[in-house]
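Worksheet: the structure to be examined is printed underneath.
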Amino acid sequence: MTPAPVKLESKLPNVGTTIFAVMSTMAAEHNAINLSQGYPDFPISSQLIDLVEHYMSNGHNQYAPMAGEPVLLRQIANKLNDCLGYNFDAKTEITVVAGATEGLFATITALVQKGDEVIIFDPAYDSYAPAVQLSGGTSVHLELKLPNFTIDWEQLEAAVSSRTKLIIINNPNNPAGSILTAEDLQRLSDLVVRHDLLLISDEVYEHMVYHPQGHQSILKFPELRARGVAIFSFGKTFHATGWKVGYCVAPENLTRELQKIHQFLTYSVNTPVQMALADYLKEPVHYQSLSTFFQKKRDLFLRLMKHSRFEPLPCNGTYFQLMKYHAISELADTEMAIWMTKEHGVASIPTSVFYNKGTDQKILRFCFAKSSETLTQAAEKLCKI
Ligand code: PMP
Ligand code: GLN
């Protein structure tokens with residue numbers, strides 16, 4: 001007789017499988033073009049692959065130091081200086097993590113205590129709230145205002161309570177494709193200082209900004225730098241999402257705390273890839289060229305979709321384009337995404353899943369980090385709907 005399943009109380013009873021896994025699986029099952037989960041379908045740099053092979057073949061296969069390979073930490077510090085004009089201490093202010101996801105989890109776990117409130121702006125990436133919950137905190141969700149997904153400053157001010165510990169921002173924003181301005185960050189800086197709050201800034205799309213102001217990192221603002229953790233992803237920057245390597249930048253006291261968690265989550269990140277990235281980063285063109293590269297893809301996708309019945313929203317950053325479909329259907333966005341995958345062969349992500357309240361604005365997210373052929377084939381199908 002098979003034993004009965006063991007009884008277990010879920011620590012995340014309201015969490016299911018992430019939408020990215022659900023839609024990518026559905027796309028594969030129905031042989032649909034996958035514009036859902038955010039990852040490129042074109043090859044990564046062969047130079048980068050050669051570098052990893054080189055370091056693997058030359059004995060760099062054991063544990064890296066817990067905080068990261070010193071050569072990579074130094075190159076990240078150089079990159080930060082190149083992008084922001086500020087010198088970070090490679091030894092005490094940077095941590096290499098197993099993707100931004102690990103960086104976010106380690107940081108949230110390090111900063112949030114039982115009873116703390118954490119302000120999250122919806123639409124929000126789906127890993128923030130569960131990490132807050134597991135730490136015994138409560139997330140307080142505020143909705144960004146359409147069409148440009150701007151912060152409602154009065155609502156934010158009103159949401160800050162004596163329990164508020166932390167604000168999480170995502171700039172550029174997935175799925176919105178929106179960016180924060182220098183003025184927004186200055187305002188945020190005034191607010192976090194006034195209320196003595198901490199800040200996490202998820203900046204994994206830092207090199208995909210299509211607005212003349214460029215990317216505004218929290219690390220450019222002295223007060224935000226002193227009370228914030230900025231989180232980045234080499235997976236996004238170098239088209240290698242499967243490598244799962246990112247880094248956190250924070251002042252020494254915050255770095256110390258997040259490393260206490262990081263050391264027991266993963267201890268360290270795979271060595272040959274760190275060594276390869278350190279070499280690859282020596283040529284700034286590898287990241288400086290990205291915004292132009294992706295802007296061309298965004299523009300191609302928009303051009304191809306011009307004669308469809310979908311209505312694009314502004315996209316100033318990330319590799320996601322939002323589209324309203326109210327001219328086509330009244331279906332809920334999750335049903336629409338499923339129907340389109342099964343019946344029309346294109347998978348997308350419904351945006352209601354990024355809202356705590358499940359707010360359905362009849363908007364789908366399409367990933368345009370794809371080859372011209374993929375985008376052309378997908379748009380052909382989408383234009384027939
Ligand atoms: N934050 C956001 C906003 C994301 O879209 C993603 C997905 N790549 C991550 C964090 C996680 O990044 P990584 O793949 O490096 O874990
Ligand atoms: N960040 C990616 C997206 O938004 C997915 C990452 C993941 O699958 N966890 O599509």
Side-chain angles (χ1 to χ4, degrees), residues 15-28 34-41 44 68 76 95-108 120-132 144 149 168-180 200-209 215 217-218 229-249 258 262 265-266 269-270 273-274 277 287 290 294 315-322 337 341 347-355 363-370:
V15 170
T17 303
T18 164
I19 188 70
F20 308 116
V22 171
M23 291 312 300
S24 276
T25 306
M26 198 181 298
N34 190 0
L35 304 191
S36 65
Q37 196 173 19
Y39 64 87
D41 74 341
I44 72 163
I76 293 172
T95 311
V96 177
V97 287
T101 309
E102 196 238 334
L104 284 159
F105 194 86
T107 307
I108 291 170
I120 295 177
F121 295 102
D122 288 352
Y125 189 58
D126 65 352
S127 81
Y128 308 152
V132 171
L144 296 169
F149 294 91
I168 303 179
I169 58 171
N170 174 209
N171 177 34
N173 180 288
N174 173 15
S178 59
I179 52 172
L180 294 173
I200 294 178
S201 184
D202 176 346
E203 302 186 15
V204 301
Y205 300 102
E206 60 169 335
H207 294 300
M208 296 154 211
V209 175
H215 174 58
S217 173
I218 63 157
V229 181
I231 299 179
F232 304 90
S233 168
F234 285 121
K236 294 289 169 189
T237 299
F238 295 135
H239 316 312
T241 60
W243 286 12
K244 299 298 299 187
V245 184
Y247 56 100
C248 299
V249 183
L258 78 87
H262 162 72
L265 273 178
T266 56
V269 175
N270 86 74
V273 168
Q274 288 199 58
L277 285 168
Y287 53 85
L290 277 177
F294 278 113
C315 167
N316 287 309
T318 74
Y319 47 46
F320 301 114
Q321 175 64 56
L322 296 186
T341 307
S348 57
I349 297 282
T351 52
S352 61
V353 301
F354 298 91
Y355 285 86
I363 298 174
L364 297 173
R365 189 197 82 174
F366 296 88
C367 174
F368 56 78
K370 305 291 168 188

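Numbering of ligands and ligand atoms starts at 1, following listing order.
- Of the polar atoms of Phe20, none of the N or O atoms is found under 3.5 Å from an N or O of ligand 2, judged by distance alone.
- Distances below 4.0 Å separate heavy atoms of Asn174 from the following atoms of ligand 1: 3 (C), 4 (C), 5 (O).
- With a heavy-atom cut-off of 4.0 Å, Tyr39 does not touch ligand 2 at all.
- Contacts between Met23 and ligand 2 below 4.0 angstrom, taking non-hydrogen atoms only, are absent altogether.
- Annotation for ligand 1: atoms under 4.0 Å from non-hydrogen atoms of Asn170 are 3 (C).
- Under a 4.0 Å criterion applied to the non-hydrogen atoms of Lys236, ligand 2 contributes the atoms 1 (N), 2 (C).
- Less than 4.0 angstrom separates some heavy atom of Gly99 from each of these atoms of ligand 1: 15 (O), 16 (O).
- Ligand 2 has at least one atom lying under 4.0 Å from a heavy atom of Asn174.
- Counting protein heavy atoms only, atom 9 (N) of ligand 2 is closest to Tyr125 OH, 3.3 Å.
- Looking at Gln37 next to ligand 2, an N or O pair under 3.5 Å apart turns up.
- Close approach of ligand 1 to Lys236 is summarised as follows: ligand atoms under 4.0 Å from at least one heavy atom of the residue are 7 (C), 8 (N).
- Ligand-side atoms of ligand 1 in range of Lys244: 13 (P), 14 (O), 16 (O), range being under 4.0 angstrom from any heavy atom.
- For Tyr205, every heavy-atom contact with ligand 2 shorter than 4.0 Å involves the side chain, none the backbone.
- By the 30° and 60° cut-offs, the orientation of the rings of Tyr205 relative to Tyr319 is perpendicular.
- Listed by number with element, the atoms of ligand 1 under 4.0 angstrom from any heavy atom of Ser233 are 13 (P), 15 (O).
- Heavy-atom distances between Tyr205 and ligand 1 reach below 4.0 Å in at least one pair.
- Phe294 and His239 have their aromatic ring centers within a separation under 6.0 angstrom.
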